[in-house]
There are 2 protein chains.
Amino acid sequence: MATGTRRAQRRTEALSRERIVEAAVELLDAAGESGLTFRVLTERLATGPGAIYWHVANKGELLVAATDAVVADALAAESAGSPREEVHAVALGLFSAIDAHPWLAAQLLLQLSRSPGGPVTPRILESLGRRVRALGVPEEHWFTATSVLMHYVLGAAGQNAANSQVTEPDADRAEFLAATAEAWEALDPAEYETTRAMAGQMSEHDDREQFLAGIDLVLAGVAALYPGGRA
Amino acid sequence: MATGTRRAQRRTEALSRERIVEAAVELLDAAGESGLTFRVLTERLATGPGAIYWHVANKGELLVAATDAVVADALAAESAGSPREEVHAVALGLFSAIDAHPWLAAQLLLQLSRSPGGPVTPRILESLGRRVRALGVPEEHWFTATSVLMHYVLGAAGQNAANSQVTEPDADRAEFLAATAEAWEALDPAEYETTRAMAGQMSEHDDREQFLAGIDLVLAGVAALYPGGRA
DNA sequence: ACCTGAACACCGTTCAAGT
DNA sequence: ACCTGAACACCGTTCAAGT
């Protein structure tokens, strides 16, 4: 969220959809998805549930609005550079947003697959799609290239967010990464030979570097299939 | 699930983790994620909640077990062909499973990002990773290439599943696809120019063809970055 | 038009008690 | 060892009533 006012709510200041969404984001940031409850939201805003339902249809709509607000903020920064650099910037913007709001990953993936007509999917699609155009991809293939990029960005960033949060309360990200790698290395060698080999790979590299390596793999595919563009 | 027995439960036949998971999958298939409830599961299995908790720690574990069972089934089929053909086969296997069990997409994406140490992530990673190896990718890049593939497969298949289910009860997939395309085309032309242009793209093509086009984009990237492999 | 707050139907989970 | 079923704490949502 752009503005960072989060002083304790006093009964003055009229309720509004904006204030509700802002409070929802704060609760989600503080305690994850299970931390957003109409009871605590009601308490935080010093009202009753009916007041919230006057501004918002239901919890789903509130989750969509909270997700959209954070994503809009993450994509707001303008960038200028080569198409490849701009794709990196957009991808890292989403990566950072997910890192700062770990609940975001699940919401994005859910909303992407449940309600592609909602506000969130077009926002991300447009931001990445413009850069795909700039890469010189022919129009018939914009959707394919943009889809691949989007699914990878959200999936990989989500995976990374899992590494930084969750599990034991005071676990380092490095610790959790190591734990995942360990779990993979403990698998049956006969059945999971390749996964075991990848375990080291995963935990050795810098998160963002690893993330961008995937982006560049997709961009290499784009360049190979649609030569003549300028990256 | 491999075996298709779903006769109404009679009080004979002892309860088991397997029976519980089987019933859970049936409920999920019939009514989506909100259809899986300990009350109706209890009714279906003619027991009390305590009996289920004896075999299963909690609802999360049950969801993981149900997901893993369906995924294991989907990946069980052996395929033989060029690495590219095998990647297509694995991807289409997951695509079909998600199509047949629409609740699967959200579960996979959630479990991928929440508990990569669980049984589901390694299963998919291994299945795709072996084919990535066969493509001739050098070992340091197995994880990158496999990750891109996996996130795209799950994200795109999930998006497709949303198209086939949800929304109005008796809506055709074609109808829903058209509705999404329409929603995108109704966006502000100034802000969503590229998304509007992609709307037609999305609804015009065959689902599986479109899906495989994304796979081939990734494979083209692999071939470009790591030449010398045989696809 | 906007807000209050008691009430409703439902949920996952626990646990003393049985066999 | 395995199952029963009442009870607990909590959830999203509704709605008559107020201002």
Side-chain angles (χ1 to χ4, degrees), chain A residues 8-68 103 106-107 110-111 114-115 118 166, chain B residues 8-68 103 106-107 110-111 114-115 118 166:
Chain A
Q9 172 78 6
R10 290 286 160 255
R11 54 231 22 167
T12 45
E13 317 193 37
L15 206 54
S16 70
R17 193 180 152 97
E18 260 181 22
R19 286 198 61 75
I20 294 172
V21 171
E22 186 188 337
V25 170
E26 288 171 12
L27 292 179
L28 288 164
D29 286 347
E33 193 182 338
S34 68
L36 176 58
T37 275
F38 274 81
R39 318 267 158 173
V40 349
L41 194 56
T42 256
E43 208 174 311
R44 174 90 147 215
L45 295 171
T47 43
I52 293 171
Y53 276 94
W54 177 260
H55 295 277
V56 155
N58 51 43
K59 193 178 180 180
E61 191 184 297
L62 181 55
L63 245 8
V64 167
T67 303
D68 191 48
W103 52 273
Q107 280 308 308
L110 251 49
Q111 288 174 35
R114 283 221 249 263
S115 46
V166 205
Chain B
Q9 171 79 5
R10 288 290 159 252
R11 51 227 31 163
T12 45
E13 317 193 38
L15 206 53
S16 71
R17 196 181 151 95
E18 262 183 19
R19 286 199 59 76
I20 293 171
V21 171
E22 185 187 339
V25 170
E26 289 172 11
L27 290 179
L28 288 164
D29 286 347
E33 193 182 339
S34 69
L36 177 58
T37 277
F38 273 81
R39 317 269 158 172
V40 349
L41 194 56
T42 256
E43 209 174 311
R44 175 89 146 214
L45 295 171
T47 43
I52 294 172
Y53 277 94
W54 177 260
H55 296 276
V56 154
N58 51 42
K59 193 179 179 179
E61 191 184 298
L62 182 53
L63 245 7
V64 167
T67 303
D68 192 48
W103 52 273
Q107 281 308 308
L110 251 51
Q111 289 174 33
R114 283 222 248 264
S115 47
V166 204

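In this structure, B:Thr37 reaches the C:dC11 phosphate: one of its side-chain N or O atoms is under 4.0 Å from OP1 or OP2. In this model, the phosphate group of C:dA1 is not approached by any side-chain N or O of A:His55 to a distance below 4.0 Å at OP1 or OP2.
Looking at heavy-atom distances under 4.0 Å, A:Ile52 makes no contact with the nucleic acid at all. No engagement by B:Leu41 is indicated, since no non-hydrogen atom pair under 4.0 Å with the nucleic acid exists.
Taking atom CZ of B:Phe38 as the reference point, atom P of D:dC10 lies 19 Å away to the nearest angstrom. Rounding to whole angstrom units, CD1 of residue A:Ile20 and P of D:dG12 are separated by 14 Å. Remark: P of C:dG12 and CG of B:Leu27 are 11 Å apart, rounded to the nearest angstrom. Distance, B:Leu36 CG to C:dC10 C1': 15 Å, rounded to whole Å. Distance CD (A:Glu43) to P (D:dC11): 11 Å, rounded to an integer number of Å. For the pair B:Leu15 CG and D:dT4 C1', the interatomic distance rounds to 12 Å; values are reported in whole Å. If you measure from atom CZ of B:Arg17 to atom P of D:dC2, you get 14 Å, rounded to the nearest angstrom. Protein atom NZ of A:Lys59 is 18 Å distant from nucleotide atom P of C:dC10, rounded to whole Å.
The main-chain N or O of A:Arg19 is found under 3.5 Å from a side-chain atom of A:Ser16 such that the two form a donor-acceptor pair. In this structure, A:Lys59 contributes its side chain and A:Leu36 its backbone to a donor-acceptor pair below 3.5 Å.
C:dA16 and D:dC3 have their C1' atoms separated by 13 Å, with the value rounded to a whole Å.
Distances from the side chain of B:Trp54 to the nucleotides D:dC2, D:dT13, C:dT13 place D:dC2 closest. Of the listed nucleotides (D:dA7, C:dT14, C:dC3), C:dT14 has the atom at the smallest distance from the side chain of B:Tyr53. Checked against C:dC11, D:dT13, C:dT4, the side chain of A:Arg39 finds its nearest nucleotide in D:dT13.
Two residues, B:Gly50 and A:Gly50, neighbour DNA chain C, and the one matched to the more 5' nucleotide by heavy-atom proximity is A:Gly50. In terms of position on DNA chain D, the residue among A:Ala51 and B:Pro49 whose nearest nucleotide sits closer to the 5' end is B:Pro49.
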Would B:Gln107 and B:Glu33 satisfy side-chain contact (heavy atoms from CB on, under 4.5 Å), going step by step from the backbone distance to the final call? CA-CA 9 Å; B:Gln107 281 308 308; B:Glu33 193 182 339; 3.6 Å; yes

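Note on B:Glu61 versus B:Arg17: salt bridge recorded, some NZ/NE/NH1/NH2 to OD/OE distance being below 4.0 Å.
Using Watson-Crick or G-U wobble geometry with both donor-acceptor distances under 3.5 Å, C:dG5 finds its partner in D:dC15. In this structure C:dC10 sits in no base pair that meets the Watson-Crick or G-U test at under 3.5 Å.
Annotation: side chain of B:Val21 is not in contact with side chain of B:Asp68 (no heavy-atom distance under 4.5 Å).
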